[in-house]
Amino acid sequence: MGFLLLFILIALIAVAYRRGDRDLLSPWFLLCLAFFASFCLVMLNYANWQVKIHGLFVLYVCTALVSFGLGCFVCTKVPKAKETQLPLLYEQKTHKRYPAVAFAVISICMLLLYASKVIADNYAGLSLSTTLRNIYNNTVENDYSPGIIFTQAREVLVAIAYINTYRLITKLFSRKDKIRYSLLLVPIICFFLFVLLSTDRNIFLRYALYFLCLYVFFYRAHYKKKNVNVRIFKRVVVFGICIVAAFFLLGRLKQYNSNFFRAIGIYGGSGLYNFNLWLADFHGPHLYGKATFSTFLRTVQALLGKIGIHVDLTMLSRFDAFITFRNPNGYVYSSNIYSALKPYVWDFGYFGVILFPFVTGLIFQWLYGRAKKSKGGFAWVLYASLIYGVIFYPILEQFFGRFSLGIVYELVWLVVIYHVAFGTQKLRKCAIETERVQGVNHG
């Protein structure tokens with residue numbers, strides 16, 4: 001059954017690639033590729049995990065992927081405005097006034113503010129790794145938060161890092177850009193220090209996916225040559241190896257003891273396999289939205305509590321309960337990472353893997369359509385910053401599961417920082433020099 005699902009996933013990747021006009025960033029293609037990569041990790045652990053794939057699991061996974069694809073297809077059939085042929089947003093005059101120094105200073109201040117609070121609340125002495133482990137345990141077990149002021153400092157820091165990354169990649173693909181790399185890198189370095197303190201490796205992965213997505217946007221737009229996807233793929237593989245290595249090292253810093261292959265297998269594959277195990281024993285009852293929208297409901301609960309209205313949501317938890325697997329040969333793993341499909345099934349059964357993937361397919365295809373028509377700008381930033389919701393599908397619900405004030409803060413600060421950095425100039429005001437540069441590269 002496992003090899004049957006592998007064959008189906010390969011077929012779906014091929015169909016999605018063709019339906020997406022052979023674009024490596026089309027959401028359905030990325031979703032199918034993410035499931036394929038995750039399931040390959042399951043099959044690579046075939047012996048240790050005593051893998052047994054249930055027919056119901058194959059049905060639910062395939063249904064979800066097809067439903068997502070249908071959502072994308074329906075969105076493409078909605079009439080759209082005519083696409084305008086505009087130059088890429090590389091050489092605007094506003095780039096010469098990019099507030100790189102101000103962003104660097106603000107990022108350092110926000111990092112120091114956030115770090116002082118988190119370390120003061122969780123300092124464990126002895127060593128950095130012990131303190132980081134204490135921060136992680138406090139977050140998981142006690143739902144630790146440093147407070148609204150320090151949370152906003154974090155969001156400003158993240159938003160500046162994202163916009164500076166966009167500006168950095170712009171510089172990489174521009175021939176006339178006098179801004180210094182060192183200034184652009186300061187907020188990004190501050191962001192990585194924040195990631196280290198937060199102990200949340202998902203934040204790092206979201207940024208990594210954001211960077212890769214933006215890089216592909218720029219590379220594809222700048223080098224419209226034959227076999228451009230092959231060129232992109234080679235570069236993404238190199239970046240991917242660096243990202244996976246950094247992800248592993250971040251785990252070691254908070255005292256994870258698993259070796260490299262075990263750690264990557266558990267993180268990237270156990271979520272999907274745990275869903276397979278959970279699905280085989282699930283018989284209800286259904287929660288009718290409480291699982292999928294648990295984060296949103298807990299936010300509502302907290303807000304209502306401030307005005308004296310108390311809602312009982314004790315069954316909802318920020319972190320899923322661990323599944324512990326024991327193999328007679330002595331291999332043991334514990335994982336609280338589920339596929340995004342689990343809450344959909346928990347809420348509405350089989351109908352859930354039709355409804356929610358279809359809706360997310362519509363949303364991401366719409367975002368992708370806007371980004372594809374753009375010649376740069378905020379449409380690229382927005383799509384790249386949200387694409388993790390698709391890539392994380394096999395291991396964790398990261399779209400509906402982040403419906404909270406947190407995602408509102410993130411998007412608001414992203415819009416504000418982008419506006420401060422680039423203003424509101426339209427793409428029609430791009431410098432004529434950009435067209436000349438494009439003509440040289442395409443010639």
Side-chain angles (χ1 to χ4, degrees), residues 1-20 26-46 49-74 265 268-293 320 323 325 335 337-365 389-401:
M1 195 64 78
F3 290 102
L4 172 63
L5 181 56
L6 274 178
F7 175 79
I8 294 174
L9 290 174
I10 292 172
L12 286 172
I13 288 173
V15 173
Y17 183 65
R18 291 182 64 86
R19 286 294 310 168
S26 63
W28 191 28
F29 171 75
L30 289 176
L31 180 69
C32 294
L33 190 63
F35 267 92
F36 174 75
S38 182
F39 195 68
C40 282
L41 291 175
V42 174
M43 298 301 286
L44 288 173
N45 286 277
Y46 194 91
W49 296 359
Q50 291 186 317
V51 171
K52 182 179 180 181
I53 303 300
H54 301 279
L56 199 60
F57 170 76
V58 176
L59 174 64
Y60 278 39
V61 168
C62 294
T63 299
L65 292 176
V66 171
S67 182
F68 188 99
L70 287 174
C72 294
F73 175 77
V74 170
S270 68
L272 196 59
Y273 187 59
N274 282 352
F275 173 64
N276 171 68
L277 298 176
W278 176 85
L279 190 61
D281 298 325
F282 177 68
H283 302 291
H286 297 302
L287 300 183
Y288 302 105
K290 288 184 179 179
T292 302
F293 300 105
D320 286 308
I323 280 184
F325 174 80
S335 171
I337 304 174
Y338 290 112
S339 162
L341 302 182
K342 182 216 171 185
Y344 305 161
V345 175
W346 201 357
D347 278 334
F348 298 105
Y350 184 64
F351 179 67
V353 297
I354 298 175
L355 173 64
F356 291 111
F358 181 82
V359 171
T360 50
L362 283 172
I363 294 171
F364 278 102
Q365 184 63 36
V390 172
I391 308 296
F392 273 68
Y393 238 76
I395 61 175
L396 189 64
E397 197 348 287
Q398 284 277 281
F399 184 67
F400 297 108

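Heavy-atom basis, side chains included; hydrogens, waters and symmetry copies ignored. In this text, all values refer to a predicted model and were calculated from it rather than measured experimentally.
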Atom pair [atom1]/[atom2] of [X] and [Y] - distance to nearest 0.5 Å:
X	Y	atom1	atom2	value
Leu355	Ser67	CG	OG	7.5 Å
Ile391	Gln398	CD1	CD	12.0 Å
Ile13	Leu30	CD1	CG	10.5 Å
Leu341	Tyr60	CG	OH	10.5 Å
Leu65	Leu12	CG	CG	6.0 Å
Leu70	Leu362	CG	CG	9.5 Å

Is there a side-chain contact between [X] and [Y] (heavy atoms, below 4.5 Å)?
X	Y	value
Leu277	Asp281	no
Asn276	Val61	no
Phe68	Val390	yes

Quick one: side-chain hydrogen bond (donor to acceptor under 3.5 Å, both in side chains) partners of [X], sequence neighbours excluded?
X	value
Asp347	Thr292
Gln365	none
Trp278	none

List the residues meeting side-chain contact (heavy atoms from CB on, under 4.5 Å) with [X], not counting sequence neighbours, and say none if there are none.
X	answer
Phe73	Arg19, Thr76, Lys77
Thr63	Leu59, Tyr350, Val353, Ile354
Tyr46	Met43, Val51
Val58	Met1, Leu5, Ile8, Ile53, Cys62

Flag if over 12 foreign heavy atoms under 6.0 Å of CZ, Phe282: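 Yes, the 6.0 Å shell around CZ holds more than 12 heavy atoms from other groups.
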
Hey, can you pull the donor-acceptor pairs under 3.5 Å for the side chains in residues 32-42, sequence neighbours left out?
{"residue": "Ser38", "atom": "OG", "partner": "Gly268", "partner atom": "O", "Å": "2.6"}

Aromatic ring pairing Tyr288/Phe348, orientation class (parallel under 30°, perpendicular over 60°, tilted between): perpendicular

Check against side-chain contact (heavy atoms from CB on, under 4.5 Å), Asn45 and Tyr273: CA-CA 10 Å; Asn45 286 277; Tyr273 187 59; over 6 Å; no

Using the test ring-ring contact (aromatic ring centres under 6.0 Å, His included), find all partners of [X] that sit at least two apart in sequence or belong to another chain.
X	answer
Phe400	Phe293, Phe356, Phe403
His54	none
Phe392	none

Chi angles and distances behind the side-chain contact (heavy atoms from CB on, under 4.5 Å) call for Tyr393, Thr360: CA-CA 11 Å; Tyr393 238 76; Thr360 50; 3.0 Å; yes

Exercise: identify the closest heavy-atom pair between Phe275 and Ser339: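 Scanning both residues, the minimum pair turns out to be CB-CB, 3.9 Å.
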
Least distance between heavy atoms, Trp28 atom then Cys72 atom: CB-SG, 4.1 Å

